[in-house]
Every structure is written in structure tokens, then in C-alpha cells.
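Residue numbers run from 1 in the order of the sequence given.
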Amino acid sequence: MNVMNPGMRPDQIAKQQELVRSLMQSVQDHKSVIDRLNKTGGALLRLIVEDDAYRVQDIIETDNQRYNALKADLRERMQALEDAMHECSQFTDKLDGMLNSLENTKDQLVNAEPISGHPEKIKEQIDDNNAIIDDLAKKEAAYDSVRKAADEIIQKAPNKNDPAIKDIKKKLDKLTGLWNEIQGLAKRRGDSLEDALALAEKFWDELSQVMSNLKELQHQLDSQDPPAVEPRAIEAQKAELKEIKRGIDQTKPGYNRCKQTGNNLLKAVGDAEKPELKRHIEDLDSAWDNITSMYARREKNLLDAMEKAMEFHDMLQSLLEFLARSEKTFNGMGDIGSDIATVKRQIDELRVFKDEVDPWMVKVEALNRQADDLTENTSPDQARAIKEPLADVNRRWNELNKNIVVRQKELEHALLKLGQFQHALNELLVWIERTDKTLDSLKPVYGDPQVIEVELAKLKVIINDIQAHQSSVDTLNDAGRQIIES
């Protein structure tokens with residue numbers, strides 16, 4: 001640094017002080033350049049290969065060392081100049097120089113950059129503040145000397161009202177006030193920086209840990225299979241979700257602590273740092289809300305799945321028991337009778353049996369609908385566990401209805417063979433009249449899909465019954481024509 005050695009005359013030293021002060025301001029103005037170098041270099045180090053990283057790291061460290069060395073040299077130079085001024089200047093010049101020096105130090109403290117929210121940056125700010133405190137410590141001897149000399153001059157002055165003495169007293173009061181104010185400013189900034197550093201280190205550590213935990217919890221929730229359709233499998237999924245809930249509960253205290261630490265850090269940092277911190281806290285809240293929402297949806301889906309699965313299996317069991325009873329009843333009806341009385345009794349018996357069977361069509365349709373809902377988004381294995389017993393129910397249901405139709409035809413043919421055309425005709429007419437009344441009683445339904453589904457099932461029973469009687473109509477028509485022709 002090409003700066004001339006301290007001169008022997010006050011005016012020379014004052015010029016050098018002005019030059020060094022200008023250089024110190026220039027160095028301070030370039031602080032942002034060093035900050036950008038460190039930030040950009042840090043980002044670059046994460047992107048380049050190891051060999052290049054060593055060179056980039058060396059450049060960063062070398063520039064930081066040169067910058068810090070320059071700051072230290074200028075401080076030492078300024079101190080040397082101040083010492084020289086005190087040694088060679090008249091008292092007034094010494095007093096004015098000390099005032100100017102303290103005014104400059106006060107400006108540095110008052111206009112210091114806002115407290116950062118990042119630990120590494122705060123450590124740099126602590127170093128800068130400690131450098132000011134060190135400078136004050138070095139100036140303390142000169143300050144005490146000037147103050148003591150001023151007190152002696154004032155005490156020894158024969159005329160305390162002398163303008164020169166008043167001016168010295170005024171400057172001395174200002175010097176004392178400045179010194180105490182600077183000491184307070186430096187201490188308060190140091191305390192604030194230490195508090196901010198502790199908060200920043202705690203916040204970023206907690207944030208990293210909590211966000212890592214939330215990311216793992218999200219992965220666990222995303223990895224869950226669709227709700228099962230078997231109650232036992234759903235219970236296993238609920239147990240897995242319970243483990244995830246335990247992880248959420250264990251993470252919650254850390255989340256609350258991190259958020260509180262972040263809010264405390266917000267109060268400690270400068271306004272320029274607040275938007276970034278607020279964004280990180282908002283991201284933390286968003287991640288937490290996302291996890292709790294995902295958990296709540298999964299819990300509800302499993303509860304709904306269990307309810308549907310239990311409803312399906314209860315209805316399935318009910319249908320299996322019904323089919324077993326009905327098949328046993330049907331198989332016990334025996335062969336078609338050979339006399340009119342027996343055939344008529346068997347027709348009545350079959351009608352009663354069919355009236356008991358037909359309403360179950362609604363439950364069969366509902367069971368198939370529930371099976372479709374349950375297997376829509378489930379795995380093939382889970383779907384198989386539903387579809388196989390359902391297929392058995394459908395097969396047995398269709399077989400039972402087919403057997404009823406066949407036996408009905410056989411009984412009608414038996415009546416005709418026994419010469420009971422009129423009775424068979426009456427039976428058909430009674431059925432037609434009953435079916436007409438049933439159709440007339442049907443009313444339009446709107447809105448509720450389940451009500452519509454029940455009504456469709458009833459209508460399907462009627463349609464099947466009509467189709468089953470088609471052969472009876474044809475048989476009676478043939479028999480009627482034969483009677484007319486004979």
C-alpha cells in the first residue's frame with residue numbers, strides 16, 4: 001500500500017488521515033463484492049469437479065485473506081497516524097482529531113449493515129464489530145490522555161469564561177459523550193449479534209432436521225398401497241398408518257420449536273433478511289400442513305374402506321346363508337306330482353317360494369355394486385379375494401332362478417297334460433294381473449343413486465319374471481289352438 005509515512009506536521013498527518021479514511025470507506029464499500037464472491041463461489045463449488053473446486057476454493061480464500069489484510073493494514077495505519085498526531089500536534093488539534101476519529105467510529109456503528117440471518121455472515125459481522133472494539137481499546141490511552149490534559153487546562157485556567165476555555169470544555173463534554181455512546185453501541189451490537197448467531201445456528205439446524213423428517217413422512221404416506229378390501233388387510237394398513245402417526249407426533253415438538261426459533265430470529269435480523277426467513281417459515285408450515293392433510297385423508301379412506309368391506313362381507317355372508325337355505329328348500333320340493341291336487345299344491349308352493357326369493361335380487365345387485373366399488377382401485381390379489389366369492393354367489397343365484405323357471409314350466413305342462421287348461425290359464429291371468437298392479441305401483445325416483453339402484457333391481461326382477469312366463473304363454477296358446485281345432 002503506497003501511503004507515505006506519518007508526517008511530522010499536523011497538516012501533513014491530517015491529509016494522510018483523510019486519505020486513509022477514504023481508503024477505509026472504499027474497502028467498506030467493496031464489502032458487498034466480497035460477499036457476492038463468497039456466495040457465488042460457494043454455489044459454484046457444489047457444481048464443479050473436485051480438481052476445479054480446489055482452484056476455486058483457493059481463489060476465494062486468497063481474495064478474502066487479501067481483503068481482511070487490507071482492512072487490518074488500514075486500521076493499523078490510521079492508528080499510527082492518530083498516535084503521530086497526538087505526539088506532534090497542539091492540544092486543540094489532538095482534541096479535534098480524537099473527536100473526528102470517534103465520530104467516524106460512531107458512523108460505522110450507526111450505519112453498520114443489518115444483522116444477517118445466516119450464521120457464516122453473522123460471524124463476519126461479529127468480527128467486524130470486534131475489530132471496532134479493538135480499535136477503541138487501542139484508542140483508550142490517547143482518549144484518557146486528551147481528557148486528562150483538557151481537565152488540567154480547564155482547572156488551571158484563571159478565567160473560566162474565556163471563549164477558548166469554554167470551547168475546550170464543550171469539546172471535552174462532546175468527546176466524553178461520544179466515547180460512552182460508542183462503547184454502548186458496540187456492546188449492544190455485539191450482544192445482538194451473539195444472540196442472532198445462537199438463534200440462526202439453532203434455526204437452520206432445526207429446519208434441516210424437521211424438513212428431512214417431513215420429507216421422509218411424505219415418502220411413507222406416498223408409498224402406501226390403495227386401501228385394501230379385506231378387513232384383515234385394512235387392519236394391517238391401519239397399523240402401518242399408526243406407525244406413521246407416531247412419527248408425526250414425534251416430529252411435532254421439533255416443528256413447533258423450529259417455528260418459534262424462526263419467529264425469534266425474525267425479530268433479531270434486519271429488514272432485508274426478513275423476507276427470506278419468512279419464506280422458509282412458510283415453507284415449513286406448508287410442509288407440515290401437507291403431511292397432516294395427507295394423514296387425515298389416509299385415515300378417512302381406511303375408515304371408509306373398512307366400513308364398506310364390513311358391509312360387503314356381512315351382506316355376502318347373509319346371501320350365502322340365504323342361498324344355502326333356498327337351495328335346500330328347492331331341492332326338498334320333490335318330483336312333479338301325477339295328480340291334479342298335488343300339482344296345484346306344488347304350484348302354490350313354488351309361488352310362495354318365488355315370492356321369498358325375488359326380493360333378494362336387490363341385495364344381489366347391491367353386493368355386485370359394492371364389489372365394483374371395492375375393486376376399482378385395489379390390487380389384483382385383493383380384487384380376487386372379492387371377485388371369487390362374488391362369482392360363486394352370482395352363479396348360485398342364477399342357478400336358483402333358472403331352476404325356479406324350469407320347475408314352473410314343468411308344473412304348467414303337468415297341468416295341461418292332466419287336462420287342466422282352464423286352471424293353467426287362470427294361473428297365468430292371475431300372474432298378469434298381479435304384474436300389472438306391480439308395474440302401476442312403480443313411481444319415478446330422482447336424485448339418490450342408491451334409491452334408483454334399488455328400483456332398478458326391482459324392475460329387473462319383474463323383467464326376468466315376464467321373460468320366464470313367455471314359454472307359459474306360448475304353451476297355453478298352443479294348447480288353446482289344439483282345443484279349438486278339436
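With hydrogens and angles ignored, the 3.5 Å screen pairs a side-chain donor or acceptor of T251 with a backbone N or O of G247. With N301 contributing its side chain and R297 its backbone, the two residues share a donor-acceptor pair below 3.5 Å. The backbone N or O of L172 sits less than 3.5 Å from a side-chain atom of T176, completing a donor-acceptor pair. Under a 3.5 Å cut-off, the side chain of Q237 and the backbone N or O of A228 do form a donor-acceptor pair. Although no hydrogens or angles enter the test, the distance criterion places no donor-acceptor pair under 3.5 Å between the side chain of S26 and the main chain of S22. A distance-only check finds a donor-acceptor pair linking the side chain of T62 to the backbone of D58 [under 3.5 Å]. A donor-acceptor pair under 3.5 Å is absent between the side-chain atoms of N290 and the main chain of S286, judged by distance alone. A distance-only check finds no donor-acceptor pair linking the side chain of D63 to the backbone of I34 [under 3.5 Å]. Listed for the W204 side chain is a donor-acceptor partner under 3.5 Å among the backbone atoms of G117.
By the 4.5 Å heavy-atom criterion applied to side chains, E327 and E399 are not counted as neighbours. The shortest side-chain heavy-atom distance between N38 and E124 falls under the 4.5 Å cut-off. You'll find the side chain of K121 reaches within 4.5 Å of the side chain of D35, heavy atoms only. Q370 places none of its side-chain heavy atoms less than 4.5 Å from the side chain of K308. Taking the side chain as every heavy atom from C-beta outward, K238 and E235 approach each other to under 4.5 Å. Using a 4.5 Å cut-off on side-chain heavy atoms (C-beta onward), K363 and F322 make no contact. You'll find the side chain of R75 reaches within 4.5 Å of the side chain of M24, heavy atoms only. Side chains of I133 and N130 form a contact here, defined as non-hydrogen atoms less than 4.5 Å apart.
The shortest heavy-atom contact between P389 and L316 is CB-CD2, 3.9 Å. The two residues Y295 and K245 come nearest to each other via the heavy atoms CZ-CD, 3.4 Å. In terms of heavy atoms, W397 sits closest to V357 at CH2-O, 3.4 Å. Shortest non-hydrogen contact noted between I115 and Q125 is CA-OE1, 3.6 Å. Shortest non-hydrogen contact noted between A287 and L214 is CB-CD1, 3.7 Å. Contact between I126 and E194 at its shortest, heavy atoms only, is CD1-OE2, 3.7 Å.
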Task: Derivation of the side chain to side chain contact (heavy atoms under 4.5 Å, CB included) call for M211 and H280 - done: CA-CA 10 Å; M211 292 299 283; H280 283 288; over 6 Å; no
- [ ] Check the pair E299, K242 against salt bridge (Lys or Arg N to Asp or Glu O under 4.0 Å), reporting the backbone distance first and the verdict last.
- [x] CA-CA 9 Å; E299 184 179 42; K242 188 175 181 181; over 6 Å; no
TODO: Could you walk me through whether R188 and D191 pass salt bridge (Lys or Arg N to Asp or Glu O under 4.0 Å), step by step?
DONE: CA-CA 5 Å; R188 285 194 296 275; D191 292 343; over 6 Å; no
TODO: Evaluate the criterion side chain to side chain contact (heavy atoms under 4.5 Å, CB included) for residue pair L374 and Q382; output intermediate values, then yes/no.
DONE: CA-CA 9 Å; L374 287 171; Q382 288 285 318; over 6 Å; no
TODO: Decide salt bridge (Lys or Arg N to Asp or Glu O under 4.0 Å) for D144 and R147; before the verdict, give the C-alpha distance in whole Å, the side-chain angles of both, and the deciding distance to 0.1 Å.
DONE: CA-CA 5 Å; D144 289 339; R147 190 166 56 82; 3.6 Å; yes
Task: R396/L319 under side chain to side chain contact (heavy atoms under 4.5 Å, CB included): CA gap, chis, key distance, verdict - done: CA-CA 10 Å; R396 292 170 64 182; L319 273 168; over 6 Å; no
- [ ] Apply the test salt bridge (Lys or Arg N to Asp or Glu O under 4.0 Å) to residues E120 and K123: give CA-CA distance (whole Å), side-chain angles for both, the deciding distance (0.1 Å), then the verdict.
- [x] CA-CA 5 Å; E120 292 305 317; K123 289 177 182 178; 3.7 Å; yes
Task: Worked verdict on I234 versus V229 for side chain to side chain contact (heavy atoms under 4.5 Å, CB included) - done: CA-CA 7 Å; I234 296 174; V229 294; 5.9 Å; no
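Rounding to the nearest 0.5 Å gives a distance of 12.5 Å between CG of L197 and OG of S192. Between L221 atom CG and I248 atom CD1 the span is 6.0 Å, to the nearest 0.5 Å. If you take CD1 on I60 and CG on L44, they are separated by 7.5 Å, rounding to the nearest 0.5 Å. To the nearest 0.5 Å, atom CD1 of residue I386 and atom CZ of residue F312 are 4.0 Å apart. Note that the CE atom of M315 and the CG atom of N368 stand 10.5 Å from one another [nearest 0.5 Å]. For the atom pair CG of L217 and NE2 of H219, the computed distance is 11.0 Å after rounding to the nearest 0.5 Å.
Within a 6.0 Å radius of NZ in K31, other residues, nucleotides and ligands contribute more than 12 heavy atoms. More than 12 heavy-atom neighbours from other residues, nucleotides or ligands sit within 6.0 angstrom of NZ on K274. By the 6.0 Å contact criterion, CD on E307 is open, its count of non-hydrogen atoms from other residues, nucleotides or ligands being 12 or less.
No side-chain donor-acceptor contact under 3.5 Å links Q209 and D205. Inspection of the H118 and E273 side chains reveals no N or O donor paired with an N or O acceptor under 3.5 Å. Defined by atom type and a distance below 3.5 Å, a donor-acceptor pair is present between the side-chain atoms of Y255 and D285. In this model, a donor atom of one side chain and an acceptor atom of the other lie less than 3.5 Å apart for S101 and K139. Looking only at atom types and distance, the side chain of Q224 has no donor-acceptor partner in the side chain of Q220 under 3.5 Å away. Between the side chains of Q65 and E61, no donor N or O sits under 3.5 Å from an acceptor N or O. Inspection of the Q260 and N256 side chains reveals no N or O donor paired with an N or O acceptor under 3.5 Å. Side-chain atoms of D29 and Q25 form a donor-acceptor pair, as typed in the model, at a separation below 3.5 Å.
Electrostatic pairing of K15 and E18 does not count as a salt bridge here, judged by no charged N lying under 4.0 Å from a carboxylate O. A salt bridge links D381 with R384: the distance from a Lys NZ or Arg NE/NH1/NH2 to an Asp or Glu carboxylate oxygen falls below 4.0 Å. Salt-bridge check for D373 with R369: passed, with a basic side-chain N closer than 4.0 Å to an acidic carboxylate O. Ion pair K171/D167 flagged as a salt bridge, since at least one NZ, NE, NH1 or NH2 atom sits closer than 4.0 Å to an Asp/Glu carboxylate oxygen.
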